[in-house]
Amino acid sequence: MPLVSYKVDQEKINQTIKKVLDIFKENMDLIKDKGWIVSEPESPRWWGGLQSGEEIIISSILVQMTRWETVAKVISEMRENGLTNFGKLSSLSEEEIYLLIRRVNFSRTKAKRLKVIADKASSYASIQDFIDDLKGVQGIGQETYYSLLLFVGNRIYFPPSEYGSRVLSRVTSMRIPKLKVKEVVESSLPKDLFTYKLFHAGLVTVGRVSCFKQPKCEKCILKMICNLNKNNETLRI
Ligand code: SF4
């Protein structure tokens with residue numbers, strides 16, 4: 001059965017997403033193994049065990065083209081010095097921020113971006129008030145923006161990711177472009193914060209563990225319900 005062009009059968013998607021969610025709930029250990037801290041719905045710890053919304057926002061800038069382990073160390077040092085607080089971070093110059101983060105790749109560009117974000121954020125009463133203003137800031141693309149709304153703002157929006165597009169397209173045999181992932185999932189998942197976070201973490205985990213360009217279906221937790229695997233499809237997304 002070939003993957004069809006974009007024309008979503010929402011009823012079929014609803015059924016499939018329910019099955020995928022059940023499988024993610026049964027495989028939380030795998031999701032945790034891949035760095036997601038499955039926690040209380042509103043906890044910042046989901047995002048690699050970080051301790052605040054500010055830390056998540058900083059990490060989202062630092063992690064681009066950089067290993068998570070390096071980012072976690074830099075954030076830990078910033079935390080020890082009280083610099084994961086945007087009010088304090090904004091009191092530093094761009095050069096001083098660069099010196100703090102110089103171990104990550106593209107640290108000059110990222111220092112500039114962090115300075116802009118810290119300056120903007122420090123004029124808001126809370127991170128929850130500030131988060132909408134991240135839209136359009138350099139370094140915050142659409143996927144990152146919606147991820148921050150979900151994981152920092154605790155708002156029920158689903159982040160559109162390449163992993164989500166690839167996994168859901170293959171599982172359903174319907175081509176779901178990245179830009180449509182948000183709409184398709186939001187039309188189907190129950191409006192529940194824990195469920196949204198778990199579903200995103202699960203899709204990213206499957207994308208990182210097995211659903212590569214050349215997928216390793218034999219070790220995938222979705223293999224029993226995945227159309228691409230069941231039908232031995234050759235088309236790769
Ligand atoms: S079974 Fe294969 S194609 Fe389907 S989601 Fe898993 S890795 Fe991807």
Side-chain angles (χ1 to χ4, degrees), residues 1-39 46-48 60 63-65 67-69 141-147 150-151 156-237:
M1 189 200 317
L3 285 162
V4 296
S5 58
Y6 178 66
K7 186 169 189 296
V8 164
D9 175 344
Q10 190 66 43
E11 186 49 40
K12 187 176 163 197
I13 292 261
N14 293 349
Q15 291 166 9
T16 304
I17 282 184
K18 186 175 179 318
K19 288 182 195 162
V20 171
L21 177 61
D22 287 342
I23 292 173
F24 289 163
K25 285 180 179 168
E26 287 160 11
N27 287 275
M28 284 202 237
D29 285 349
L30 174 71
I31 293 171
K32 288 177 186 170
D33 265 4
K34 291 297 140 194
W36 295 94
I37 311 296
V38 178
S39 318
W46 281 82
W47 197 279
S60 74
V63 81
Q64 294 162 21
M65 312 296 283
R67 287 163 51 83
W68 175 258
E69 293 73 16
Q142 194 189 44
E143 179 179 343
T144 303
Y145 175 66
Y146 283 111
S147 297
L150 179 61
F151 286 93
I156 301 186
Y157 290 105
F158 197 78
S161 66
E162 288 296 345
Y163 289 130
S165 169
R166 180 182 295 168
V167 173
L168 291 176
S169 295
R170 287 171 168 176
V171 170
T172 59
S173 280
M174 283 182 266
R175 198 180 293 282
I176 302 171
K178 178 177 171 182
L179 287 176
K180 289 285 178 189
V181 168
K182 178 176 178 298
E183 173 189 325
V184 163
V185 175
E186 287 180 0
S187 302
S188 186
L189 270 191
K191 300 273 178 250
D192 168 74
L193 193 55
F194 181 90
T195 301
Y196 267 53
K197 289 185 177 180
L198 181 69
F199 201 76
H200 177 67
L203 289 178
V204 172
T205 298
V206 170
R208 287 185 180 154
V209 168
S210 50
C211 205
F212 310 124
K213 283 208 166 114
Q214 295 297 323
K216 303 281 182 211
C217 299
E218 68 283 358
K219 59 185 220 179
C220 180
I221 56 176
L222 301 179
K223 67 184 172 193
M224 299 303 287
I225 62 161
C226 178
N227 271 314
L228 187 130
N229 179 53
K230 285 194 295 188
N231 298 314
N232 202 18
E233 285 283 348
T234 52
L235 180 57
R236 304 298 188 219
I237 295 172

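For ligands, and for the atoms within them, numbers begin at 1 and follow the listed sequence.
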Asker: Output the list of atoms in ligand 1 that are nearer than 4.0 Å to some heavy atom of R170, sorted by atom number.
Answerer: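 Here the atoms of ligand 1 in question are 3 (S).
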Asker: Which atoms of ligand 1 are found less than 4.0 Å from any heavy atom of C220?
Answerer: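 What qualifies from ligand 1 is 1 (S), 5 (S), 6 (Fe), 7 (S).
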Asker: Which of the numbered atoms in ligand 1 are below 4.0 angstrom from a heavy atom of N229?
Answerer: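 The atoms of ligand 1 under 4.0 Å from a heavy atom of N229 are 1 (S).
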Asker: What atoms of ligand 1 come within less than 4.0 Å of a heavy atom belonging to K223?
Answerer: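 Per the distance check, 1 (S).
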Asker: Between K182 and Y157, is NZ or CZ placed under 6.0 angstrom from the six-membered ring centre and within 45° of the ring axis?
Answerer: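 No cation-pi geometry.
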Asker: Charged N to carboxylate O below 4.0 Å: is that the case for E186 and K191?
Answerer: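 A salt bridge is absent here (no side-chain N lies under 4.0 Å from a carboxylate O).
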Asker: Should the pair H200 and F151 be assigned to parallel (<30°), tilted (30 to 60°) or perpendicular (>60°) ring geometry?
Answerer: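 Rings of H200 and F151: tilted, as their planes differ by 30° to 60°.
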Asker: Nearest 0.5 Å please: distance from the CG atom of N227 over to the CZ atom of R170.
Answerer: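 Atom-to-atom, N227:CG and R170:CZ are 13.0 Å apart.
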Asker: Can you tell me if C211 has an N, O or S atom under 2.8 Å away from atom 2 (Fe) of ligand 1?
Answerer: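 No, since none of the N, O or S atoms of C211 sits under 2.8 Å from atom 2 (Fe) of ligand 1.
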Asker: Return the CG to CZ distance between L168 and F199, rounded to the nearest 0.5 Å.
Answerer: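 Nearest 0.5 Å value for the CG-CZ distance: 5.0 Å.
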Asker: Do any of the N, O or S atoms of C226 sit under 2.8 Å from atom 6 (Fe) of ligand 1?
Answerer: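 False for C226.
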Asker: Taking the side chain as every heavy atom from C-beta outward, state whether W36 and V204 have any pair of such atoms under 4.5 Å apart.
Answerer: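 In short, these two side chains touch, coming nearer than 4.5 Å.
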Asker: Any atoms of ligand 1 less than 4.0 Å from a non-hydrogen atom of L228? List them with their elements.
Answerer: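 What qualifies from ligand 1 is 3 (S).
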